[in-house]
Amino acid sequence: MASQSVSEAIEHIVLFKVKDEAEPSKVKAWLDALNGLSSLDQVAQLTAAPTTTTSSSATSLNFTHILHSRYNSKQDLKAYTIHPRHDSAVKDHGLHIVEDIMAFDWVAPDLRLAVTPKPKPGSAVRVSFFKLKEEEEEDVKKSEILGVLKETKDGLLLGQQKQISEMSYGENFSPERSRGYSLAYLAVFPGPTELEDSNEELGKLKHKFKDFVESEVVVDFLIPSSV
């Protein structure tokens with residue numbers, strides 16, 4: 001197996017469904033504990049926040065909060081997940097208020113964390129996850145979709161629109177909690193207006209490989225001012 005390139009970073013996404021009856025003060029304490037993990041040596045970037053919108057063709061999936069973090073290696077991600085402070089944030093704060101969870105990890109080609117600034121407060125972020133049809137779960141089809149995502153990234157970053165700040169994409173390497181979703185992309189925009197203006201272009205992206213996809217989960221969130 002080839003070693004991880006120094007130009008590749010690790011994206012880690014966790015989606016949460018908080019119980020309707022959860023006390024706001026406990027939700028805030030949980031988010032504060034999660035965001036406090038950004039100070040760990042293993043973490044390059046981390047944000048935990050409420051979702052602004054969640055849509056899914058699988059109607060049973062409805063997430064209220066998201067954690068997005070980045071690492072310089074899979075080893076750093078593993079060290080983060082077993083760190084006592086992470087364990088405390090999960091067990092002491094989240095265990096009794098979270099009723100559903102989905103997690104996804106991928107290696108992001110060409111994302112250099114050393115030179116990629118953390119998204120600014122107020123930035124809008126969209127994350128889309130794709131579950132492929134069983135007959136299409138082949139490496140060649142995944143490669144085709146990843147190729148489309150790369151073309152879209154290059155077009156949004158280098159094209160005339162200029163709404164997007166950054167984009168990453170990849171294949172999940174931690175299938176245990178991903179509900180069968182195997183591909184994803186994450187796009188950062190300066191704000192909600194730029195995200196809204198890009199909906200048409202992002203829709204064209206999905207149309208290019210819709211025949212391969214069984215279902216999709218789309219989550220939007222804003223980078224909070226306090227993070």
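Here the structure is a predicted model, which means the values were calculated and not measured. Only this structure's heavy atoms are used, side chains among them; waters, hydrogens and symmetry mates stay out.
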J.: If every non-hydrogen atom of E11 is compared with every non-hydrogen atom of A108, which pair is closest and at what distance?
T.: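 In terms of heavy atoms, the two residues are closest at CG-CB, 3.9 Å.
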J.: Take a 6.0 Å sphere around NZ of K17 and say whether it holds more than 12 heavy atoms from other residues, nucleotides or ligands.
T.: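 Yes, NZ of K17 has more than 12 neighbouring heavy atoms, counting only those of other groups under 6.0 Å.
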J.: Indicate yes or no for a side-chain donor-acceptor contact from R85 to the backbone of A33 under 3.5 Å, with no hydrogens or angles considered.
T.: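 Flag not set: sc R85 to bb A33 has no pair under 3.5 Å.
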J.: Of the non-hydrogen atoms in S225 and P121, which two are nearest, and what is the gap between them?
T.: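 Looking at all heavy atoms of both residues, the shortest contact is CA-CB, 3.7 Å.
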J.: Run the side-chain contact (heavy atoms from CB on, under 4.5 Å) test on R126 and Y185 for me, step by step, so that the C-alpha distance in whole Å, both residues' side-chain angles and the decisive distance to 0.1 Å come before the verdict.
T.: CA-CA 8 Å; R126 169 162 294 175; Y185 76 81; 3.8 Å; yes
J.: Looking only at atom types and distance, does a side-chain atom of T51 sit under 3.5 Å from a main-chain N or O of T54, one as donor and one as acceptor?
T.: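 Answer holds: no.
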J.: To the nearest 0.5 Å, tell me how far R179 CZ sits from I101 CD1.
T.: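 The CZ atom of R179 sits 9.0 Å away from the CD1 atom of I101.
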J.: May I ask you to say whether E166 pairs ionically with R70, meaning some side-chain N is under 4.0 Å from a carboxylate O?
T.: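 Salt bridge flag = yes for R70 with E166.
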J.: Please indicate whether K28 has more than 12 foreign heavy atoms, meaning atoms of other residues, nucleotides or ligands, lying under 6.0 Å from its NZ.
T.: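 Atom NZ in K28 is not crowded, with 12 or fewer foreign heavy atoms closer than 6.0 Å.
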J.: For K153 and M167, indicate whether the former's side chain and the latter's backbone hold a donor-acceptor pair under 3.5 Å.
T.: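 Yes; judged by distance alone, with no hydrogens or angles, the pair exists.
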J.: Considering residues, nucleotides and ligands other than N199, do more than 12 of their heavy atoms fall under 6.0 Å from its CG?
T.: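 For N199, atom CG is crowded (more than 12 foreign heavy atoms under 6.0 Å).
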J.: Do L46 and N35 have side-chain heavy atoms sitting under 4.5 Å apart?
T.: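 SC-SC contact between L46 and N35 confirmed.
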J.: Taking atom types as modelled, find out whether S69 and Y71 have a side-chain donor-acceptor pair closer than 3.5 angstrom.
T.: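 A pair is found: one side chain offers a donor N or O, the other an acceptor, under 3.5 Å apart.
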J.: For G180 versus K131, what's the shortest heavy-atom pair and its separation?
T.: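 So the two residues come closest at O-CG, 3.4 Å.
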J.: To the nearest 0.5 Å, tell me how far N172 CG sits from S182 OG.
T.: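 Rounded to the nearest 0.5 Å, the CG-OG separation comes out at 7.5 Å.
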J.: Quick one: are D87 and I82 in side-chain contact, heavy atoms under 4.5 Å?
T.: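 Answer no - side chains too far apart.
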J.: Can V218 be reached from F209 by stepping across I, L, V, M, F, W or Y side chains whose heavy atoms are under 4.5 Å apart?
T.: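 Unlinked, F209 and V218 end up in two clusters.
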J.: As an exercise, state the distance from CG of D197 to CZ of F189, rounded to the nearest 0.5 Å.
T.: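 Answer for the CG-CZ pair, D197 versus F189, is 9.5 Å.
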J.: For W106 and Y169, indicate whether the former's side chain and the latter's backbone hold a donor-acceptor pair under 3.5 Å.
T.: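 Yes; at least one donor-acceptor contact below 3.5 Å.
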J.: Do H12 and L67 come close enough that some side-chain heavy atom pair is under 4.5 Å?
T.: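 In short, these two side chains touch, coming nearer than 4.5 Å.
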J.: Just so I know, are the side chains of L186 and I13 near enough to count as touching, which here means a heavy-atom distance under 4.5 Å?
T.: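 Yes, side chains in contact.
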J.: Under 4.5 Å between any side-chain heavy atoms of I10 and D76, yes or no?
T.: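 I10 vs D76: side chains apart.
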J.: Looking at CG of D220 and CD1 of I66, how far apart are the two atoms once the value is rounded to the nearest 0.5 Å?
T.: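 It comes to 9.0 Å.
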J.: Would a 4.5 Å heavy-atom cut-off, applied to side chains only, mark N62 and S56 as touching?
T.: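 N62 does not reach S56 side chain to side chain.
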J.: Does the side-chain contact (heavy atoms from CB on, under 4.5 Å) test come out yes or no for E216 and S128, once each step is laid out?
T.: CA-CA 7 Å; E216 179 187 13; S128 289; 3.4 Å; yes
J.: Sort out for me which residue in F63, F129, F130 forms a ring-ring contact (aromatic ring centres under 6.0 Å, His included) with F104.
T.: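 Running ring-ring contact (aromatic ring centres under 6.0 Å, His included) over F63, F129, F130 with F104 returns exactly one hit, F129.
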J.: Quick one: closest heavy-atom pair of L37 and V43, and the distance?
T.: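 Taking every non-hydrogen atom into account, O-CG2, 3.5 Å.
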J.: Spell out, as yes or no, whether a donor-acceptor pair under 3.5 Å connects the side chain of S88 to the backbone of P84.
T.: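 Checked: no pair found.
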J.: Salt bridge or not between E171 and K142? Use side-chain N to carboxylate O under 4.0 Å.
T.: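 Counted as a salt bridge, because a side-chain N and a carboxylate O are separated by less than 4.0 Å.
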J.: Counting only N and O atoms by type, is there a donor-acceptor contact under 3.5 Å from the side chain of H65 to the main-chain atoms of F16?
T.: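 It does not hold such a pair.
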J.: Apply side-chain contact (heavy atoms from CB on, under 4.5 Å) to H68 and F221, showing your working.
T.: CA-CA 10 Å; H68 169 225; F221 69 101; 4.2 Å; yes
J.: Output, in order, the C-alpha distance, side-chain angles, deciding distance and verdict of side-chain contact (heavy atoms from CB on, under 4.5 Å) for L146 and L183.
T.: CA-CA 8 Å; L146 292 171; L183 300 176; 4.0 Å; yes
J.: Would you find a donor on one side and an acceptor on the other, under 3.5 Å apart, between the side chain of S198 and the backbone of E194?
T.: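 Here the side-chain-to-backbone pair exists.
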J.: Could you tell me whether the side chain of D32 reaches within less than 4.5 Å of the side chain of H93, counting heavy atoms only?
T.: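 Contact flag for H93/D32 side chains = no.
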J.: When you check the gap from the basic side-chain N to the acidic O, do K208 and D211 get nearer than 4.0 Å?
T.: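 Looking at D211 together with K208, the answer is no, because their closest N to O distance does not fall below 4.0 Å.
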J.: To check you understand the geometry: which heavy-atom pair defines the closest contact between V188 and S123, and what is its length?
T.: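 Where V188 meets S123 most closely, the heavy atoms are CG1-CB, 4.1 Å.
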J.: Looking at D105 and K78, is any side-chain nitrogen of the basic one under 4.0 Å from a carboxylate oxygen of the acidic one?
T.: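 Salt bridge between K78 and D105, a charged N being under 4.0 Å from a carboxylate O: no.
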J.: Can you see which heavy atom on S168 is nearest to which on L111, and at what distance?
T.: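 So the two residues come closest at CB-CD2, 4.3 Å.
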J.: Any chance you could measure E23, atom CD, to H96, atom NE2, to the nearest 0.5 Å?
T.: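 Rounded to the nearest 0.5 Å, the CD-NE2 separation comes out at 12.5 Å.
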J.: Do the side chains of V125 and L222 get nearer than 4.5 Å, heavy atoms only?
T.: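 No; the side chains remain at least 4.5 Å from each other.
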J.: What distance separates D41 CG from Y80 OH, expressed to the nearest 0.5 Å?
T.: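 Here the interatomic distance stands at 14.0 Å.
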J.: Tell me whether V18 shares a hydrophobic cluster with V90, the cluster being built from Ile, Leu, Val, Met, Phe, Trp, Tyr side chains joined at under 4.5 Å.
T.: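 No, V18 and V90 fall in different hydrophobic clusters.
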